[in-house]
Amino acid sequence: MNRYNRSDKPDWVPPRSVKLLDQVRERIRYLHYSLQTEKAYVYWAKAFVLWTARSQGGFRHPRDMGQAEVEGFLTMLATEKQVSPATHRQALNAPLFLYRQLLGTELPWMDIGRPSVPCRSCWGIRT
């Protein structure tokens with residue numbers, strides 16, 4: 001906080017809603033993130049929960065999951081889905097926000113597969 005951004009709001013306010021995605025929306029709005037960021041983070045949080053439910057045979061709350069599940073999800077996006085690096089970074093930041101801002105836990109450094117960046121000098125070449 002600086003002299004231009006003075007606020008008496010506390011850093012942490014417990015969420016009022018019960019559902020996880022509603023809690024994500026509530027926290028993002030409390031922190032004044034943009035609407036596009038809210039939509040993206042809710043999308044990736046939902047995709048993360050659904051992917052772990054499909055791959056591990058049942059729904060679990062993210063507080064019961066951890067680094068291994070997040071690494072598996074991000075590696076799957078990079079290898080199987082072959083998402084772009086920007087999409088991968090966005091998909092990485094959504095679970096980080098979920099764990100840090102909502103669940104109050106820090107994920108340790110993750111060793112994840114990253115998508116490959118195409119060669120810029122190869123873009124304009126036609127063969």
Side-chain angles (χ1 to χ4, degrees):
M1 184 162 70
N2 58 32
R3 64 186 177 143
Y4 301 111
N5 185 17
R6 294 185 183 191
S7 175
D8 295 334
K9 289 172 40 172
D11 289 337
W12 173 253
V13 175
R16 287 182 270 163
S17 53
V18 178
K19 297 180 179 179
L20 178 70
L21 296 180
D22 291 340
Q23 290 177 0
V24 172
R25 284 185 192 96
E26 188 178 324
R27 186 69 183 155
I28 288 173
R29 290 176 188 175
Y30 181 79
L31 295 172
H32 300 289
Y33 283 29
S34 73
L35 181 61
Q36 296 300 325
T37 304
E38 176 186 336
K39 288 178 183 178
Y41 281 14
V42 167
Y43 172 82
W44 286 115
K46 184 177 179 180
F48 170 63
V49 170
L50 291 175
W51 177 82
T52 53
R54 269 185 258 123
S55 66
Q56 297 178 357
F59 285 98
R60 293 187 320 172
H61 196 278
R63 80 169 88 66
D64 300 330
M65 298 184 271
Q67 177 184 4
E69 287 83 1
V70 175
E71 282 181 0
F73 176 67
L74 294 171
T75 303
M76 178 274 303
L77 287 176
T79 56
E80 294 175 23
K81 300 287 185 181
Q82 296 180 348
V83 297
S84 71
T87 303
H88 194 265
R89 278 191 298 273
Q90 194 176 57
L92 167 65
N93 285 324
L96 289 179
F97 176 85
L98 175 71
Y99 278 94
R100 184 178 300 139
Q101 295 291 335
L102 205 61
L103 301 176
T105 60
E106 288 285 334
L107 290 175
W109 182 259
M110 292 181 282
D111 190 26
I112 53 175
R114 298 279 184 158
S116 60
V117 180
C119 173
R120 285 186 177 256
S121 62
C122 304
W123 285 0
I125 299 174
R126 295 182 188 187
T127 55

Requested in this report: Test Q101 against L31 for side-chain contact (heavy atoms from CB on, under 4.5 Å), laying out the working first.
Outcome: CA-CA 10 Å; Q101 295 291 335; L31 295 172; 3.6 Å; yes

Query raised in the report: R25 and D22: which non-hydrogen atoms are nearest, and at how many Å?
Result: NH1-OD1, 2.9 Å

Query raised in the report: For the atom pair CD (Q56) and CH2 (W51), what is the distance rounded to the nearest 0.5 Å?
Result: 6.5 Å

Query raised in the report: Roughly how far, to the nearest 0.5 Å, is the CG atom of D64 from the CZ atom of F59?
Result: 14.0 Å

Query raised in the report: Between the side chains of S84 and T87, does any donor sit under 3.5 Å from an acceptor?
Result: yes

Query raised in the report: Roughly how far, to the nearest 0.5 Å, is the CZ atom of R89 from the CG atom of N93?
Result: 9.0 Å

Query - Pair V70-F48, side-chain contact (heavy atoms from CB on, under 4.5 Å): steps then yes or no - result: CA-CA 8 Å; V70 175; F48 170 63; 3.7 Å; yes

**Report entry** Heavy-atom closest contact (L21 atom, V42 atom, distance)
**Finding:** CD2-O, 3.9 Å

Query raised in the report: So, T52 side chain and V49 main chain: donor-acceptor pair closer than 3.5 Å or not?
Result: yes

Requested in this report: Return yes if some donor-acceptor pair links the side-chain N/O of H88 with the main-chain N/O of L77 below 3.5 Å, else return no.
Outcome: no

Query raised in the report: What closest approach, in Å, do G66 and Y99 show between heavy atoms, and which atom pair accounts for it?
Result: N-OH, 3.9 Å

Query raised in the report: Without hydrogens or angle criteria, can the side chains of R27 and Q23 be said to hold a donor-acceptor pair below 3.5 Å?
Result: no

Report task. Work out which heavy atom in W44 is nearest to a heavy atom in A94; give both atom names and the distance. Result -> CB-CB, 3.5 Å

**Report entry** Atom of Y41, atom of Q90 and distance for their closest heavy-atom approach
**Finding:** CE1-O, 4.4 Å

**Report entry** F97/T37 under side-chain contact (heavy atoms from CB on, under 4.5 Å): CA gap, chis, key distance, verdict
**Finding:** CA-CA 11 Å; F97 176 85; T37 304; over 6 Å; no

Query raised in the report: At their closest point, which heavy atom of P62 faces which heavy atom of L20, and how far apart are they?
Result: CG-CD2, 3.6 Å

